[in-house]
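Presented below is the structure to which this report refers.
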Amino acid sequence: MHRFANPAQFNRLADRILPWAKFVLAASLLYGLYLAFLGSPPDRQQGESVRIMYVHVPAAWMAMFCYMVVAGASFTEIVWRHPLALLAGKAAAPIGATFTALALITGALWGKPTWGTYWQWDGRMTSVLVLFFLYLGYMAIWRSMDEEDKAGRAASILALVGVINIPIIKFSVEWWNTLHQPASVLRLDGPTIDSSMLWPLLLMALAFKAYFVIVFLYRMKLEINRRKLTVLRMSQVNRR
Amino acid sequence: MTQASSFTADVCPLKAEKLACFRGGRLVFEDVSFTLDPGQLLYLRGSNGSGKSTLLRLIAGFLRVQKGVLMYGDDGWWRGDAALSEAVIYAGHDNALKPVLTLRDNATELARLMTGRLVPDETLEAAADIFDMAHLLDQPVRYFSSGQRHRSNLMRFAYLKRPLWLMDEPTVGLDAENREALAGLMKDHLAAGGMIIAATHDPIGVEGQMLDMRDFQPDYDLEEGWL
Amino acid sequence: MTQASSFTADVCPLKAEKLACFRGGRLVFEDVSFTLDPGQLLYLRGSNGSGKSTLLRLIAGFLRVQKGVLMYGDDGWWRGDAALSEAVIYAGHDNALKPVLTLRDNATELARLMTGRLVPDETLEAAADIFDMAHLLDQPVRYFSSGQRHRSNLMRFAYLKRPLWLMDEPTVGLDAENREALAGLMKDHLAAGGMIIAATHDPIGVEGQMLDMRDFQPDYDLEEGWL
Amino acid sequence: MTASSFGIFTGLVKRDIRLAWSQGGTGTMALSFFLIAVTLFPFGVGPEPKILARIAPGVIWVVALLACLISLDRLYQADFEDGSLDDLALSPLGLSGVALAKICAHWVSTVLPLVVASPLLGLLMNLPAEAYGTMVFSLLLGTPALSLIGSMGAALTVSVRRGGVLLSLLVLPLYVPTLIFAVGAVDASANMVDPAQPLALLGAASLLALVVGPFASAQALRLALE
Amino acid sequence: MTASSFGIFTGLVKRDIRLAWSQGGTGTMALSFFLIAVTLFPFGVGPEPKILARIAPGVIWVVALLACLISLDRLYQADFEDGSLDDLALSPLGLSGVALAKICAHWVSTVLPLVVASPLLGLLMNLPAEAYGTMVFSLLLGTPALSLIGSMGAALTVSVRRGGVLLSLLVLPLYVPTLIFAVGAVDASANMVDPAQPLALLGAASLLALVVGPFASAQALRLALE
Ligand code: HEM
Ligand SMILES: Nc1ncnc2c1ncn2[C@@H]1O[C@H](COP(=O)(O)OP(=O)(O)OP(=O)(O)O)[C@@H](O)[C@H]1O
Ligand SMILES: Nc1ncnc2c1ncn2[C@@H]1O[C@H](COP(=O)(O)OP(=O)(O)OP(=O)(O)O)[C@@H](O)[C@H]1O
Ligand SMILES: [Mg+2]
Ligand SMILES: [Mg+2]
């Protein structure tokens with residue numbers, strides 16, 4: 001378990017993965033974008049605006065995926081006190097928050113042409129918003145505390161408590177919505193996906209995932225270096 | 001070597017072996033070892049920042065023992081352990097007093113928190129007498145001067161009957177008379193078979209072992225220490 | 001007797017006549033009189049609760065002079081007065097440090113607050129050197145031990161150039177070396193014609209007048225004192 | 001041991017209630033925040049009875065939640081700052097027990113008064129007569145979750161300077177389900193629908209919080225002691 | 001003397017802005033409270049766009065007011081607790097100047113971000129397009145009064161532990177006129193009426209607060225020092 005606690009070993013592993021991830025990103029992004037914007041037909045009801053889907057849906061998937069990464073890292077940190085897990089959560093959270101913001105923004109932009117409004121208090125949108133707040137809280141704790149280890153463990157506790165919340169929010173909000181506004185559930189049945197749309201969607205999802213891996217690894221390396229810096233500073237404090 | 005006594009918990013020797021402590025990723029001290037037998041006093045000495053308070057908080061179970069061993073009798077001694085939390089009284093830099101409550105109420109609440117029972121009035125008054133606080137018992141603590149607050153905090157050692165005292169700079173801000181009262185209290189505790197660890201810059205006037213924290217300053221090593 | 005000097009404000013004798021102070025409706029001390037000339041040091045002595053801190057805060061202008069007179073040179077000395085707030089440096093029990101800022105930033109902000117200007121780096125580093133803090137200048141204060149924080153607070157006396165120093169228990173928590181450094185700093189200030197009033201329980205090793213606050217304890221009288 | 005634990009627990013609850021209602025305590029203050037903040041809404045929204053009635057359950061619950069939140073700020077902070085937290089950690093009760101005791105005290109001293117005052121605010125906000133019972137009941141059932149969840153946030157932010165506002169960031173998202181169930185129940189009653197289902201969910205949220213809350217709070221408090 | 005006073009004043013404003021946006025400061029946090037609390041209302045009130053649009057100006061203003069309020073809690077408290085208030089009192093600037101500097105810093109670091117974020121919340125709350133300009137303008141014009149009035153409350157409660165909730169009790173009633181004028185202006189715009197009159201009154205409230213605020217704050221701070 002603690003094998004990769006050695007930063008040098010981690011760095012070596014990361015350096016081996018990075019080129020591959022970059023290749024996958026370039027390939028899938030280029031082909032995916034081509035398919036999404038030129039190679040697939042506009043939707044019959046939605047017209048060209050359907051192309052937002054190729055960004056929106058992968059971003060929404062990644063938003064949830066990143067949270068699970070953060071939660072997994074938190075669990076590892078709490079149970080096994082794995083030092084790299086601490087940094088992994090810290091590295092993944094801002095990426096997740098960005099994807100969440102992207103899902104929110106693209107969703108809102110999509111909402112305007114399809115529903116005539118940028119924002120609806122619909123179950124799925126709301127639960128993603130709450131997810132965004134959880135990310136913000138996680139990052140705020142990290143920023144707010146004096147000691148890195150302490151901050152990380154506090155943030156981990158929050159992340160784990162937040163996991164309990166996610167299914168509840170989704171479930172409850174959908175229930176809450178049907179009481180007031182059953183009409184907005186419409187979106188859930190969405191346009192049935194034809195393979196001409198499925199392929200670019202999957203390719204874009206792959207590209208997003210590769211992007212995540214790359215940024216995540218770079219951020220891990222950054223965190224490790226930052227950590228070294230902190231320790232160096234600390235060693236200054238009591239130099240005699 | 002467990003010893004029957006007037007304490008609410010057994011008195012056993014406390015033994016530290018090669019303790020080390022990291023704070024904020026930095027090694028504060030390493031290789032701290034000592035043995036404290038019932039009836040003994042250990043002074044922690046050392047310049048500012050050498051880790052006296054940190055060691056006390058480690059022994060009190062507020063910090064995790066990350067490296068080394070701490071034994072109480074034959075048992076390990078760890079954070080959140082019941083044995084630990086029934087043997088220790090700790091008094092740190094902060095006074096742990098509620099300004100709106102009177103001194104008597106503060107003491108009563110603390111005793112109830114530690115034992116679940118009320119302290120008899122006589123015990124409390126005897127404790128207050130030691131530090132010449134009897135006339136202040138029914139005053140709200142918010143009117144106290146800094147030395148009076150500190151004495152109110154030290155009173156706990158007189159009315160709680162636990163064997164291991166951890167004192168962080170107990171003489172701070174005390175006038176001469178009260179330093180003597182403190183020394184007397186500590187001597188009585190040792191005579192009854194209790195144990196004391198005190199971090200201090202001032203002489204207190206009670207015999208004891210010395211542990212100079214400057215001897216345990218690490219040669220700082222980035223390669224090993226950073227994670 | 002105003003004296004030209006390196007201070008940002010004039011040095012004049014400080015004279016107290018029959019000062020008294022009420023706190024919480026109670027008379028804490030009465031009939032306190034003293035005269036402090038440039039180049040002199042006044043120690044406030046007395047048991048806990050005798051009113052040392054209260055007198056210091058009165059002189060610093062935090063409390064109102066309710067009874068008696070306080071004169072600085074030929075002028076009255078009152079709360080909120082510009083003359084007062086340009087002559088005094090006060091260091092109390094609290095350290096007045098912002099934990100997120102580095103020691104250098106803390107010092108810079110304080111100097112700017114007091115003078116509107118930045119302190120030259122050399123002045124600051126010289127000040128830090130006195131208390132062996134130079135290597136800590138660029139560290140956030142949150143990492144400091146209690147003694148290190150206290151020293152950071154004392155540094156202000158070295159980089160602010162005001163004539164009257166008010167020190168409340170300046171030796172608290174200092175190790176032996178730093179007590180000496182403090183004594184040296186105080187001697188230099190007196191030699192330059194400054195004035196110091198220090199409340200302390202520990203000997204500091206600088207010559208000075210003594211004012212024992214126990215001599216000014218009122219015979220407590222409910223009839224007179226209660227309103 | 002058990003008998004003594006029980007003594008410590010009740011002692012601690014009593015201590016905290018007493019401190020909350022003593023000078024400068026949170027007890028009276030949360031109540032006045034609740035009353036005043038709700039009163040601001042007719043100023044902000046305008047006095048039309050229909051609109052007020054429509055938004056009454058939501059506003060009352062949201063403000064109760066905010067009042068609870070700002071009083072939570074000091075749940076552990078006061079003990080942390082004056083060093084009492086060290087003592088609490090050395091109590092034979094253990095930190096989970098301590099957290100539970102403090103949560104109980106918070107609910108009794110600070111939240112219960114809000115529940116009692118809520119019908120008055122219902123009157124001010126023109127709440128439909130059918131909904132009063134459900135509103136009070138939903139507050140009784142749901143506010144323990146607020147105290148329990150809030151305790152985790154308070155423990156996490158205890159060593160943070162100016163933690164109050166960070167607390168809100170951590171805790172408010174976790175309050176959302178409670179809020180939705182509760183308002184759902186009150187709205188159902190106001191519209192003459194059976195509120196049993198949202199009330200059951202509300203109770204479940206409180207139970208879940210009871211399982212997780214004290215334990216997670218204790219873990220977070222350990223961190224603050226380090 | 002005047003030149004040095006000016007240096008001290010700007011220095012103090014910069015110091016406070018820096019602290020507010022540093023780790024654990026109120027700057028970011030008040031903003032997140034504002035965003036989250038406004039978001040709670042659709043949960044509480046339900047998602048109907050018409051209702052939301054109707055209550056939007058009131059809710060946004062009331063929550064901005066509450067966010068401002070809870071950040072005020074620590075305006076002087078932090079300096080009081082760590083002893084910096086003694087230093088502030090000994091500054092040649094004088095306590096009124098100190099108070100004014102801290103109020104300016106509070107407004108710039110904490111309130112201005114709320115004003116900037118308010119259009120986003122207008123979007124979430126479905127605010128009518130006509131009202132955006134007036135809402136932002138009313139916030140710009142009215143929030144200085146919130147900082148100034150709040151400063152008095154913060155100074156009064158500074159020596160009281162758990163002052164946060166006491167603060168609200170003191171300050172909220174004084175906020176009512178500002179709130180009424182501001183919401184009046186935004187509502188007027190939303191209904192295509194000229195908002196000049198309520199805006200003028202709002203400006204007058206801020207001016208009055210500017211005259212009274214720093215002075216009263218300084219007096220209250222003197223009390224805390226005693
Ligand atoms: C800000 C507003 C929005 C948010 C936060 C949001 C959120 C999400 C999330 C979280 C998912 C992933 C669901 C899952 O895989 O379980 C998703 C999928 C999707 N969204 Fe959105 N959405 C928003 C607006 C919209 C709009 C306006 C449309 C179009 C009318 C839309 C259409 C879709 C579609 C078609 C999917 C794929 C569903 C599937 O998995 O088959 N969304 N959205
Ligand atoms: N805020 C207050 N209200 C009422 N009485 C007070 C207040 N502050 C202090 N006192 C009382 O004033 C007296 C003098 O207190 P002061 O703090 O000046 O003592 P001191 O000489 O500094 O003692 P120490 O050596 O303990 O610091 C004490 O008896 C104290 O009870
Ligand atoms: N929260 C913390 N994070 C990081 N480092 C810390 C922390 N607290 C203390 N330290 C560091 O640990 C070292 C030991 O501090 P400690 O408070 O134990 O010193 P001390 O021996 O009690 O000194 P003093 O005589 O000044 O009280 C100091 O160098 C300090 O900088
Ligand atoms: Mg120490
Ligand atoms: Mg004193």
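Chain letters run A, B, ... following the sequence lines, proteins first and then strands; every chain starts at 1. Every value quoted in this text rests on a predicted model; they were computed, and no experiment measured them.
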Residue by residue, which of residues 53-68 of chain E have a heavy atom closer than 4.5 Å to a heavy atom belonging to chain D? E:Arg54, E:Ile55, E:Gly58, E:Val59, E:Val62, E:Leu65, E:Leu66
Any chance CD of D:Glu130 has more than 12 other-residue heavy atoms, nucleotides or ligands included, within less than 6.0 Å? yes
Does the ring centre of E:Phe41 sit less than 6.0 Å away from the ring centre of D:Phe41? yes
Taking every heavy atom of D:Leu169 against every heavy atom of E:Ser32, the minimum-distance pair comes out as CD1-CB, 3.7 Å
If one checks every heavy atom of D:Leu40 against chain E at 4.5 Å, the contacting part turns out to be both
What distance do D:Thr178 atom OG1 and E:Phe43 atom CZ have between them, rounded to the nearest 0.5 Å? 12.0 Å
Is the number of heavy atoms from other residues, nucleotides or ligands within 6.0 Å of OH (D:Tyr132) greater than 12? yes
Go through it in stages, so that I can follow the logic: the residues are D:Ile36 and E:Tyr175, the test is side-chain contact (heavy atoms from CB on, under 4.5 Å), and I'd like the CA-CA distance, side-chain angles, deciding distance and then a yes or no. CA-CA 11 Å; D:Ile36 296 177; E:Tyr175 278 177; over 6 Å; no
What is the distance from atom CG of D:Leu172 to atom OG1 of E:Thr39, rounded to the nearest 0.5 Å? 9.0 Å
